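Note that the coordinates shown come from a computational prediction; the quantities given were computed from them, not determined experimentally. The chains referred to below are lettered A, B, ... by the order of the sequence lines, with proteins before strands, and numbering in each begins at 1. As a basis for the values below, the full set of heavy atoms in this structure was taken, side chains included, without hydrogen atoms, waters or symmetry mates.
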There are 2 protein chains.
Amino acid sequence: MTELTDRISRRQVDKFAERRAQLATSALRTLSELGYARTSLREIAQNSAFSHGVLHYYFRDKVELIMYCVKLYKAECVTRYDQIVATAQSADQLCVDFSQALATTCDEDGTMHRLWYDLRNQALFEESFREDVLEIDKTLELMIWRIVSTYGDLAGQPIAASPSTAYALFDGLFQQALLRHLSGEPKALDNLREGVEKTLPKLLIP
Amino acid sequence: MTELTDRISRRQVDKFAERRAQLATSALRTLSELGYARTSLREIAQNSAFSHGVLHYYFRDKVELIMYCVKLYKAECVTRYDQIVATAQSADQLCVDFSQALATTCDEDGTMHRLWYDLRNQALFEESFREDVLEIDKTLELMIWRIVSTYGDLAGQPIAASPSTAYALFDGLFQQALLRHLSGEPKALDNLREGVEKTLPKLLIP
DNA sequence: AGATTTTCTTGACAATTGTCCAAGAAAGTC
DNA sequence: GACTTTCTTGGACAATTGTCAAGAAAATCT
């Protein structure tokens, strides 16, 4: 009976949206390997279960596919540091957890992060990317701000930096670490942790 | 006589290198407008005084041209903040001059800066770019460090951050400002100045 | 001035790219 | 089962791209 129920349930699923998500997941994978400049629709299709014509059935054009990928990326990253905020018992603990989380995601999701930076930078050249990219950047800023403001709460001190400044500082540290790490520098992740652990307390107003 | 001397002098010039530099200057201009992904050799040639075949005469392939452009970029940016260090009389003065210089170059050279970030990010995907890009990044780090360490000297206090951390922090601020500025946000440059002026003192050990 | 060398132009080539679309298969509906 | 709708495939198309070779033009040498 469970199998029959599953069949009925599956039939009700919005298959169109599901296929789009499937294609976008494939696209993200290919993009994160090849980068925006070298990823063609045929490459994307080749690394999926479908032919290249399917991409045109489900997406109006390449821009729409890329932007759908950007939104999918956003959905995946939006909860990255929630656990840290939820479990933090002290400012010091949060600081260590945050720096560790940044190092971990830099290590484990490095290819996806470099794609994000690639697409963010493309938005400087492509007007059609800009709105969606800025929206994600805003989300990332809120994520970092949640960390930073919680840190301030736990320390019982106000924060000296604006949300955008705080985000820019940690983003800079992260991006440098990513470049170094992907270039094979052994201490990149340790330097990231150290840099984050030194920077966070500097944001407090004494 | 001056004209005759000029003629002889010009005949001695290494015309090959001069032509390469000319082509690379054109290439930088096109790249900074279109970005790496959308710049073809024909686009570069079209925006120069030569035909597209000349690019293959003077450069082995596209990668060599791009890397030559990267080196040209380095030569141009290497002195950007020297004046600040040379003329600073106090820590506060240097801080203000530095933040102003960042805002100014963000405003005036924004298209070239976005190209730098584009190429730096491409190095995450293209092994062939990496060595040269890392070299420039190192140069930029030294440039920022010269500012930061001079600031420490003038303040009579040591600096709490490593050169790479300091660079990452200001690079993060700059890059965010660039994105915002090029997206039409009116306060981006003011926010950059403010962010820099708040961050620099934070690097001092009290 | 003629011969030789260097520089430059042009078009060809093969491969790639985004887009479009017709044919047929698969799924859904009556 | 017949009919309709949706989905998939893969080829066509025009444009683009990096590369290369032939030949023209310019510069240099004798």
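Nearer the 5' end of DNA chain C, as judged by each residue's closest nucleotide, is the contact made by A/Glu43, out of A/Gly53 and A/Glu43.
Rounded to an integer number of Å, the gap from A/Ile66 CD1 to C/dT17 C1' is 13 Å. Taking atom CD1 on A/Ile44 and atom P on C/dT17, their separation rounds to 11 Å, with Å as the unit. Rounded to whole Å, the distance from OH on A/Tyr36 to P on C/dT17 is 13 Å. For the pair A/Leu55 CG and D/dT8 P, the computed distance is 11 Å after rounding to whole Å. The separation between B/Phe16 atom CZ and C/dT5 atom C1' is 15 Å, rounded to whole Å. The CG-P distance, from B/Leu23 to C/dT7, rounds to 13 Å in whole Å. Between A/Arg38 atom CZ and C/dT16 atom P there is a gap of 13 Å when expressed in whole angstrom units. Taking atom CG of A/Leu41 as the reference point, atom P of C/dT19 lies 6 Å away to the nearest angstrom.
Remark: B/Tyr57 is not in phosphate contact with C/dC8, judged by side-chain N or O atoms under 4.0 Å from OP1 or OP2.
Between B/Tyr73 and B/Trp116, a ring centre-to-centre spacing shorter than 6.0 Å is recorded. Under the 6.0 Å cut-off for aromatic ring centres, A/Tyr36 and B/Tyr36 do not qualify, their centroids lying 6.0 Å or more apart. Residues A/Phe98 and A/Phe170 place their aromatic rings such that the two centres sit under 6.0 Å apart.
The A/His52 side chain lies nearest to D/dG10 when the options are C/dT7, D/dG10, D/dT8. Here the nucleotide nearest the side chain of A/Lys62, chosen from C/dC8, D/dT19, C/dG18, is C/dG18. Closest contact between the side chain of B/Arg19 and the listed nucleotides C/dC8, D/dT19, D/dG10 involves C/dC8. Checking D/dT8, C/dC8, D/dG18 against the side-chain heavy atoms of B/Ser40 singles out D/dG18 as nearest. Residue A/Arg42 has its side chain nearest to C/dG18 when only D/dT19, C/dG18, C/dT9 are considered. Which of C/dC20, D/dG18, C/dT9 sits closest to the side chain of B/His56 comes down to D/dG18. For A/Phe50, taking side-chain heavy atoms from C-beta onward, the closest of the listed nucleotides C/dA12, D/dT8, C/dC8 is D/dT8.
Ring orientation note: the planes of A/Phe174 and A/His113 are nearly perpendicular, at an angle over 60° on the 30°/60° scale.
The environment of B/Glu64 atom CD is dense: over 12 non-hydrogen atoms of other residues, nucleotides or ligands sit within 6.0 angstrom.
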